[in-house]
Amino acid sequence: METMTKEKQKVKNNKSVKITGAKAIVECLIAEGVDLVYGYPGGTIMPVYDEFYKYQDKLHHVLTRHEQGAIHAAQGYARVSGKVGVAIATSGPGATNLITGITDAQIDSTPVVCITGQVGSHLLGSDAFQETDIVSISTPVTKWNYQITKASEIPEVLAKAFYIAKSGRPGPVLIDVTKDAQFEVLDFEYVKCEKIRSYTPIPQMDITQVEAAAELINKAKKPFIVFGQGVVLANAEEELKNLIEKADIPAASTLLGLSALPTEHDFNMGMVGMHGHYAPNVLTNDCDALIAIGMRFDDRVTGNLETYAKQAKIIHFDIDPSEIDKNVKTDVAVIGTVKETLVALLPLIHSNTNKEWHQKFKDLHEIEHERIIHPQTNPTSDKLTMAEVINLINKETNGDAIIASDVGQNQMIASRYANFNKSRSVVTSGGLGTMGFCLPASIGAKMGAPEREVVAIIGDGGFQMTIQELGTILQTKVPVKIVVLNNDFLGMVRQWQEMFFDKRYASTVMTNPDFIKIVEGYGIEAQRVNKREDLQSAIAKMIASKDSYFLEVIVEKEGNVFPMIPTGATVSDIRLK
């Protein structure tokens with residue numbers, strides 16, 4: 001093992017104690033401040049579960065109904081709390097069922113530690129019952145992983161796991177523990193990890209690059225900021241706000257950056273990307289300085305790279321050096337936590353006024369409002385729209401709720417129309433686009449922020465991918481508000497089929513069950529709405545409920561999400577219809 005700088009934190013009277021490896025795992029979790037774990041038991045992780053039984057007053061285990069539910073719940077918990085989420089599973093299928101969520105956490109920079117059981121070390125490589133090489137499987141989608149075969153390794157490896165998961169650019173870590181290591185006795189002493197040789201989670205900031213960035217920003221006549229989740233992860237919301245207000249710069253968010261800046265802030269121009277807002281997408285190719293803060297130039301943001309912001313000086317603030325020049329060539333790269341780099345930048349920035357530039361955004365926003373936003377939120381048809389549902393949720397929650405969303409049209413509509421007054425209010429699968437993410441993630445989000453309202457926005461397709469997690473709600477009584485926008489289609493795929501495949505709706509029509517009967521079977525109050533005159537009162541009743549609540553809204557079957565940038569098109573070719 002690599003040498004670590006250690007903060008002396010011993011368990012009892014500064015002396016090591018003899019305990020089993022299974023008990024050591026639980027003691028490590030408690031020492032790291034973990035009080036909530038999501039998981040599903042099985043044979044090779046049973047010794048740890050036996051210890052959970054003994055530690056119920058200190059550590060709460062949430063039994064999900066599937067290991068995928070456990071990892072997504074851990075993600076939701078981490079996203080809203082800022083803490084490390086923890087998921088635990090047995091070997092073989094238990095471990096492999098975590099992989100989708102681990103991959104999701106890797107792409108979306110979510111700090112989670114996964115602990116999996118493994119067959120005894122003497123059986124490794126023998127194709128024993130439920131043996132799977134989860135370390136090899138998870139290597140491409142974890143920030144770090146390790147297999148423990150000796151109990152003596154547990155304290156140091158677990159300390160390292162938590163440090164790696166939460167430091168620098170966060171991400172998932174998987175620790176695989178053989179069953180004999182869980183039974184074996186060790187001299188236990190826990191020392192938190194604060195440093196690992198050759199691992200530099202926060203690169204040294206280069207002040208000359210900060211100065212170069214300031215010079216370009218000060219010279220710009222049409223500066224534009226695109227901010228991402230890096231702002232939230234660095235707790236740099238105030239620094240971002242101070243920058244845009246001092247320099248009078250219009251700003252727009254990536255999907256995961258939503259809520260870093262209040263929706264109603266005068267300089268918040270909305271969301272960029274494939275289904276983002278009209279003005280920030282079009283004017284990306286008109287600005288003379290594009291300032292990217294804590295975002296990675298994902299293809300859903302940039303569209304065709306050959307035509308993306310070619311007229312602009314590109315200034316990129318990011319903690320991860322590997323993101324620099326990966327997709328978009330930068331003129332100035334400022335490496336470091338965006339909180340630290342924005343603090344250094346702000347004194348160098350001139351107070352400015354960009355009235356005419358702001359007006360361009362306002363003019364384009366008016367076009368989008370007239371053609372899309374108003375017709376969607378105030379429809380004249382008798383068919384309900386997804387947008388009007390979100391709009392009414394805004395009114396009932398005053399924009400203070402955490403909005404979790406699944407993947408597809410429901411996600412894009414929620415992202416476009418929801419109001420966010422507070423940071424860490426967006427829980428969704430960004431880079432991987434995992435259908436089924438929302439329901440378990442909303443459970444974790446509510447447990448991570450129990451004082452806040454959590455509303456889950458899900459399509460009828462995604463809901464059925466992890467519908468079994470209603471059982472987790474039944475058992476825990478966690479009061480999540482669930483809204484299924486039901487159009488009897490895999491809506492986003494259907495939209496593409498309509499636009500690009502001559503309406504050949506291949507395998508996108510859904511024959512759905514009676515969701516109300518299913519949900520009521522789990523002891524959750526449920527209501528279905530298909531008339532506009534019933535919608536507002538139904539949403540008000542849902543939000544007012546102190547318990548979990550399910551609302552199914554029957555929306556227009558062939559509604560589309562616009563604006564839209566077709567695949568391969570430039571951001572300025574965004575379509576309004």
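Every value quoted in this text rests on a predicted model; they were computed, and no experiment measured them.
Leu535 approaches Val389 most closely through the heavy-atom pair CD2-CG2, 4.1 Å. What you find for Asp406 and Ile458 is that their closest heavy atoms are CB-CG2, 3.9 Å. Across Val334 and Val210, no two heavy atoms sit closer than the pair CG1-CG2, 3.7 Å. A pairwise comparison of heavy atoms in Gly559 and Gln409 identifies O-NE2, 2.8 Å as the closest pair. Of all heavy-atom pairs spanning Pro250 and Phe224, the tightest one is O-CD1, 3.3 Å. Nearest heavy-atom pair, Thr263 versus Ala418, reported as atom, atom and distance to 0.1 Å: OG1-O, 4.0 Å.
Partner Val478 forms a side-chain contact (heavy atoms from CB on, under 4.5 Å) with one of Ile443, Thr472, Val454 and no other, that one being Ile443. Across Val455, Thr428, Val483, a single residue satisfies side-chain contact (heavy atoms from CB on, under 4.5 Å) together with Ile403, and that is Val455.
Lys329 NZ: 12 or fewer foreign heavy atoms inside a 6.0 Å radius. By the 6.0 Å contact criterion, NZ on Lys362 is open, its count of non-hydrogen atoms from other residues, nucleotides or ligands being 12 or less. Other residues, nucleotides and ligands contribute at most 12 non-hydrogen atoms within 6.0 Å of the CD atom of Glu370. By the neighbour-count criterion of 12 heavy atoms within 6.0 Å, atom NZ of Lys222 is densely surrounded, having more than that number from other residues, nucleotides or ligands. Environment of NZ in Lys221: sparse, with no more than 12 heavy atoms of neighbouring residues, nucleotides or ligands closer than 6.0 Å. Heavy atoms from other residues, nucleotides or ligands lying under 6.0 Å from CZ of Arg300 number 12 at most. Environment of NZ in Lys166: crowded, with over 12 heavy atoms of neighbouring residues, nucleotides or ligands closer than 6.0 Å. More than 12 heavy atoms of other residues, nucleotides or ligands lie within 6.0 Å of CD in Glu558, so this atom counts as buried by the packing criterion.
The pair Asp488-Lys557 meets the salt-bridge criterion, with a side-chain N (NZ, NE, NH1 or NH2) lying under 4.0 Å from an Asp/Glu carboxylate O. Using a cutoff of 4.0 Å between basic side-chain nitrogens and carboxylate oxygens, Arg296 and Asp318 are not scored as salt-bridged. Note on Glu498 versus Arg494: salt bridge recorded, some NZ/NE/NH1/NH2 to OD/OE distance being below 4.0 Å.
Between Leu290 and Tyr308 the shortest side-chain heavy-atom distance falls below 4.5 Å. Using a 4.5 Å cut-off on side-chain heavy atoms (C-beta onward), Thr567 and Phe500 make no contact.
Aromatic pair Tyr38/His72: ring centres not closer than 6.0 Å.
Side-chain atoms of Lys143 come within 3.5 Å of backbone atoms of Ile164 as a donor-acceptor pair (strictly under, hydrogens ignored). Remark: side-chain polar atoms of Asn352 are not paired, donor with acceptor, to backbone N or O of Asp248 under 3.5 angstrom.
Below 30°, between 30° and 60°, or above 60°: for His365 and His369 the angle between ring planes is between 30° and 60°, a tilted geometry.
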Verify salt bridge (charged side-chain N to carboxylate O under 4.0 Å, His left out) between Arg416 and Glu368, making sure each step is shown before the conclusion. CA-CA 12 Å; Arg416 283 180 47 79; Glu368 181 180 0; 2.7 Å; yes
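Here the CD-CD1 distance, from Glu366 to Ile373, works out to 9.0 Å after rounding to the nearest 0.5 Å. Atom OH of residue Tyr278 and atom CG of residue Leu576 lie 5.0 Å apart, to the nearest 0.5 angstrom.
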